[in-house]
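Right, one structure below, let's go through it.
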Amino acid sequence: MKKRYEPGEIELKWQAIWAKKEENIFSSRVSNTKPKFYCLEMFPYPSGKIHMGHVRNYAIGDVIARYKRMRGYNVLHPMGWDSFGLPAENAAIKEGVHPAHWTHENISYMKKQLVRLGLSYDWSRELATCLPEYYRWNQWFFIKMFEKGIAYRKASFVNWCPSCSTVLANEQVTEGRCWRCESMVVQKELVQWFLRITDYQQELLDASDGLAGWPQKVVLMQKNWIGRSEGLEAIFRVDGSDDRIIVFTTRADTLFGAKFICLAPAHPLAEKFAEPDALAKIREHYGKADEKHGLFTGRYAINPANDEKIPIYVANFVLMEYGTGAIMSVPAHDQRDFEFAQKYGLPVKVVIRPDGGGEGGGEDVPAGKAFEEDGVLADSGQFTGLASAEARQKISGFIEGKGMGRRVVNYRLRDWGISRQRYWGTPIPIVYCERCGAVPVPEKDLPVVLPEDVKFTGKGASPLAESESFVDTVCPSCGGKARRETDTMDTFVDSSWYYVRYCSRKDEPALDKGNIGYFMPVDQYVGGVEHAVLHLLYSRFFMRVIRDLGLSNVSEPFQRLLTQGMVCMETIKCPEHGWLYPSEAEGGACAKCGRPVERGRTEKMSKSKRNVVDPDHLIKTYGADTARLFSLFAAPPENDLQWSEKGVEGAQRFIQRVWAFVHDNLEKLAAVKGQPPEGKSPLMRKTHQTIMRVTRDIEREYHFNTAIAAMMELLNMLAALEPSGQDDLRQMRFALERLLLMISPFCPHVAEELWEAIGMISSIQLEPWPGYDEEAAREEEIELVIQVNGKVRTKVMVPQGLPDEELKNRAMTLPRIQEAVSGKQIINVFAVKGRLVNIVVK
RNA sequence: GCCGGAGUGGCGGAAUUGGCAGACGCAAGGGACUUAAAAUCCCUCGGGGGAAACCCCGCACGGGUUCGAAUCCCGUCUCCGGCACCA
């Protein structure tokens with residue numbers, strides 16, 4: 001054994017050994033003897049190289065997988081590539097490389113990086129979503145959904161990203177910007193394919209309360225996204241016509257205050273009533289968060305509550321996609337309506353007064369803004385004086401009784417638009433025939449493969465539309481001339497079911513019911529919180545479709561979810577040259593101009609801010625074990641992690657100290673024979689305590705940072721020991737073996753190496769997780785804390801397990817306490833859990 | 001604006017159920033070894049007072065409940081995340 005710890009050498013050695021043993025170490029088969037555990041990390045987009053976010057994500061997952069293997073589970077721990085998407089196509093436009101080529105190069109490089117990190121994946125299940133054998137099943141799912149009416153086509157206003165020149169789903173727009181490139185999104189009317197996720201909205205909502213293993217934050221985000229609200233649909237007759245306008249409101253209690261009606265610009269009656277040119281102008285402002293624009297139609301509607309005649313407007317801020325596309329406007333109690341009323345000089349009628357706010361004494365017109373809270377009804381006929389909550393029910397009932405409306409539930413969630421006007425995605429398997437319309441490609445003709453003869457110009461319509469060999473086809477139904485759909489699928493379709501594909505090996509058929517039945521659901525899913533509504537909601541939807549296709553009994557794909565925090569690093573800025581790399585700011589001065597630099601905030605690592613750490617460089621300098629250890633030690637997984645070079649060195653120091661301990665004691669330790677003696681010693685006690693703590697910290701919320709801290713404490717004790725005699729050495733060896741076992745999921749290479757060094761023959765991977773004995777972990781003496789009036793006055797060592805009365809007596813006799821209580825009246829004495837005594841005096 | 005979450009040393013972070021605030025690590029200071037440096041090892045390390053024993057203050061801020069509060073309740077401030085014309 002070398003004196004120096006050389007990570008590069010030993011890590012490559014063990015990675016080679018593991019690769020040979022892959023069949024029996026990291027691979028998983030359907031097994032009846034062991035319970036299964038499916039551990040999954042979000043698969044990466046093959047962008048070129050892995051980044052520190054991946055390192056952290058996969059280190060967390062790997063510790064869980066390795067730990068569970070040691071606990072005797074049949075662990076499924078797969079990895080693959082989310083390999084369709086825009087960057088590949090953009091590279092093609094910029095550099096002329098084919099997206100497939102670019103993607104496969106990246107995959108092969110990144111796979112090497114993952115292997116180099118010592119991650120224990122079952123590569124026999126590796127998948128790449130851009131391969132026809134994978135996306136064939138996207139097409140298969142699409143056809144099944146088409147047959148069931150879940151996939152359908154409609155024209156609507158959609159989110160269009162001008163920079164990506166494609167459509168985005170609602171979930172993919174953040175603050176009006178594209179989730180990927182941050183360009184402002186515009187509204188465009190297009191015919192698109194949608195998946196009817198709204199069919200499952202109530203089920204998804206109801207089931208979210210059962211997601212006990214998920215961060216509540218994520219559950220809440222999903223619930224808000226689905227956005228259920230209960231209200232009333234009320235019918236407003238159009239004066240002098242048979243037309244009726246249906247509005248949705250959650251505030252039936254304000255119905256008597258409705259002073260006008262607003263229609264969405266795309267509402268059928270808006271087109272019927274409004275003058276086309278004027279309507280077109282309103283439409284220009286649709287979906288934009290700017291000023292409110294209205295157009296009076298010249299028509300009036302009848303308020304079903306009081307038969308009042310109120311004007312009908314078309315307004316840019318009314319959404320066609322939510323509710324009924326028409327609203328009743330109550331300017332006194334809705335801020336938007338208030339602003340609209342102000343602009344167009346419409347009346348404001350107060351029908352809700354603040355609870356307890358003087359009978360009839362309040363002002364009629366709110367001062368400058370609407371009163372939107374609940375209160376007491378005013379000026380509302382027979383309902384005047386009721387509280388809002390009660391009035392909502394009563395007025396809804398009243399309207400229902402008149403046959404002028406009904407209580408309904410509305411959701412904010414929209415159907416998922418999956419059409420993308422790009423090349424590098426799954427072709428939508430539809431053929432358009434003049435006679436038969438949209439016809440699905442028959443299953444036997446799948447996959448519809450992406451054509452190769454495509455030019456990547458970055459301009460115009462879908463690149464697929466340029467490929468005649470692709471577009472021209474025959475109708476599967478009538479054999480006549482037909483054209484293929486040229487849009488591809490949103491890449492979130494690919495990732496909505498990949499965890500199901502992993503249940504079968506590459507060489508086994510996809511979607512095998514037996515395999516799915518054995519491995520699903522995922523027991524632990526680990527990934528970034530940025531997918532809280534996107535990928536995670538789509539997957540919950542897809543799993544239900546898969547269930548309803550009879551392929552699985554599972555509804556929820558992910559039993560437990562861990563959302564890890566971001567990896568952050570300090571930023572450095574020069575007042576003149578902007579963001580700098582640390583190497584450009586040595587000595588606190590900008591390397592370009594010599595001006596002093598500003599230490600910026602610690603922010604998420606990003607290339608643009610130049611605050612990134614390259615995993616390759618990190619591994620080369622410190623090794624994979626150190627990279628993993630630091631990622632896990634510096635913060636609990638759900639927190640953001642602040643990268644620190646010094647912290648990395650600290651992590652490596654720990655590994656080096658373990659190494660040095662084994663090296664320095666190797667001869668003595670190797671000669672040890674037999675078990676440690678019965679009876680307690682500080683080291684034996686500490687060892688059992690450490691196993692207890694580490695086990696508990698991993699089991700409970702995966703708090704690896706405190707688990708590692710506990711192992712460090714054990715090492716500190718071991719290193720301070722000066723053994724004399726065989727019994728001491730036996731204990732030392734016992735403690736060391738357990739320490740190595742506990743370290744092995746975190747730093748698998750060095751654990752293997754040291755395990756071998758102390759004479760163990762089989763791989764440490766195959767060892768069970770060490771057990772502990774609570775009795776052996778128990779302290780014989782405890783430090784009794786004595787407080788007077790809640791303040792610590794002294795501490796004393798006493799035997800473990802004394803009765804409370806005895807503790808109180810002992811406390812009272814202590815000189816320090818005598819002194820503190822002398823001349824005072826003792827009111828009460830508390831003893832707490834055999835650990836603390838509090839004396840209350842006056 | 002609405003809905004969540006979080007504020008603990010110079011820093012990252014510990015602290016089962018209300019019961020010793022600051023585990024572990026980083027940084028810093030001192031010392032040992034060395035011709036010297038690195039590495040390593042040892043000691044100190046929340047603030048204030050005191051020669052010391054020890055005392056006072058301290059978990060964003062202000063109140064409260066309690067024998068006892070980082071932990072529970074109310075209010076305020078700050079930061080982070082989500083949603084945002086959703087009727």
Side-chain angles (χ1 to χ4, degrees), chain A residues 4 174-176 215-225 227 229 231 247-251 254 262 264 286-292 315-319 321-330 333-337 339-340 372 410-414 529-530 532-533 565-566 568 602 630 633-636 638-651 653-654 656-657 660 693 696-697 700 703 705-713 715-716 719-720 783-795 816 819 827-833 835-841:
Chain A
R4 257 185 72 82
T174 314
E175 289 173 5
Q216 284 311 293
K217 175 174 87 165
V218 175
V219 174
L220 193 70
M221 279 164 71
Q222 294 216 347
K223 282 178 155 180
N224 291 341
W225 190 262
S229 58
V247 305
F248 173 72
T249 180
T250 55
R251 291 298 302 272
T254 65
C262 288
Y286 180 69
K288 288 187 186 158
D290 60 1
E291 210 188 324
K292 291 177 175 52
N316 68 318
F317 69 92
V318 179
L319 304 172
E321 289 78 21
Y322 183 76
T324 59
I327 60 166
M328 66 174 205
S329 290
V330 185
H333 304 295
D334 182 288
Q335 187 59 25
R336 294 159 302 182
D337 297 345
E339 284 165 22
F340 194 87
E372 294 187 314
N410 252 308
Y411 299 84
R412 211 186 74 108
L413 184 72
R414 311 283 159 77
V529 74
E530 64 272 18
V533 268
M566 298 180 300
C568 299
T602 310
F630 177 74
F633 176 61
E638 65 278 9
N639 283 23
D640 283 353
L641 182 149
Q642 268 197 48
W643 200 262
S644 141
E645 189 82 12
K646 291 287 180 190
V648 176
E649 283 170 20
R653 201 168 298 142
F654 169 67
Q656 270 163 349
R657 291 182 65 214
R693 273 177 67 185
R696 189 198 61 194
D697 288 350
R700 205 193 72 195
H703 278 185
N705 56 328
T706 50
I708 294 166
M711 294 189 272
M712 286 173 168
E713 283 187 45
L715 175 70
N716 289 345
E783 193 177 41
L784 181 68
V785 176
I786 299 111
Q787 300 180 329
V788 176
N789 287 347
K791 284 184 179 170
V792 179
R793 282 298 110 126
T794 194
K795 300 168 188 177
R816 277 284 305 123
E819 199 182 307
I827 309 285
N828 209 342
V829 181
F830 295 85
V832 184
K833 298 169 199 159
R835 284 192 278 136
L836 180 141
V837 171
N838 187 18
I839 302 156
V840 185
V841 299

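First the proteins, then the strands, lettered A, B, ... as listed; each starts at 1.
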### Query
Does B:C20 have OP1 or OP2 sitting under 4.0 Å from an N or O in the side chain of A:Asn838?
no
Describe the nucleic acid contact of [X] in one word from base, sugar-phosphate, nothing, applying a heavy-atom distance below 4.0 Å.
X: A:Gln787; answer: base
X: A:Val832; answer: base
X: A:Glu649; answer: nothing

Enter the distance from [X]:[atom1] to [Y]:[atom2] here, rounded to the nearest 0.5 Å.
X: A:Gln787; Y: A:Leu836; atom1: CD; atom2: CG; answer: 4.5 Å
X: A:Thr706; Y: A:Arg696; atom1: OG1; atom2: CZ; answer: 7.0 Å
X: A:Glu783; Y: A:Ile786; atom1: CD; atom2: CD1; answer: 9.0 Å
X: A:Met566; Y: A:Gln642; atom1: CE; atom2: CD; answer: 11.0 Å
X: A:Gln335; Y: A:Glu339; atom1: CD; atom2: CD; answer: 5.0 Å
X: A:Phe633; Y: A:Ile708; atom1: CZ; atom2: CD1; answer: 7.0 Å

### Base orientation of B:G62, syn vs anti, 90° cut from 0
anti
#### Entry: Dot-bracket pairing map - RNA chain B, Watson-Crick plus G-U, both contacts under 3.5 Å, | cross-strand
(((((((..(((......[....))).(((((.......))))).((((....))))..(((((..]....))))))))))))....
### Message
Checking contacts here: which listed nucleotide (B:A23, B:C56, B:G19) is nearest the side-chain heavy atoms of A:Arg793?
### Response
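For the A:Arg793 side chain, the nearest candidate turns out to be B:C56.
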#### Entry: Options B:G25, B:C67, B:G19, nucleotide nearest the side-chain atoms of A:Leu836
B:G19
When you compare [N] with [M], how far apart are their [atom1] atoms, in angstrom units rounded to a whole number?
N: B:G7; M: B:C56; atom1: C1'; value: 26 Å
N: B:U71; M: B:U8; atom1: C1'; value: 12 Å
N: B:A23; M: B:G9; atom1: P; value: 13 Å
N: B:C3; M: B:A70; atom1: P; value: 29 Å
N: B:C57; M: B:G22; atom1: C1'; value: 16 Å
N: B:G46; M: B:A28; atom1: C1'; value: 14 Å
N: B:G62; M: B:C77; atom1: C1'; value: 10 Å
N: B:G18; M: B:G13; atom1: P; value: 25 Å

### Task
Summarise protein proximity over nucleotides 5-16 of chain B in one line of letters, 5' to 3': B for base, S for sugar-phosphate only, - for none, counting protein heavy atoms closer than 4.0 Å.
-------SSSSB
### Query
For nucleotides 82-87 of chain B, read 5' to 3', which letter fits each nucleotide if B means a protein heavy atom sits under 4.0 Å from the base, S means only the sugar-phosphate is that close, and - means neither?
SSSBBB
Going by heavy atoms in the side chains, are [X] and [Y] under 4.5 Å from each other?
X: A:Arg657; Y: A:Leu715; result: yes
X: A:Val832; Y: A:Asn838; result: no
X: A:Phe340; Y: A:Ser329; result: no

### Summary
A:Asn789 CG to B:A69 P, in whole Å, measures 11 Å
### Task
Check A:Arg412 against A:Trp225 and note the closest heavy-atom contact, atom names and distance.
NH2-CE3, 2.8 Å
### Query
Taking the six-membered ring of A:Phe317, is the NZ or CZ of A:Lys292 close enough (under 6.0 Å from the centre) and on axis enough (within 45°)?
yes
### Message
Nearest heavy atom decides the nucleotide; on that basis, is A:Gly647 or A:Val529 closer to the 5' end of RNA chain B?
### Response
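Closer to the 5' end of RNA chain B: A:Gly647.
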### Query
Is the shortest distance from a Lys or Arg side-chain nitrogen in A:Glu819 or A:Arg816 to a carboxylate oxygen in the other one below 4.0 Å?
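Yes.
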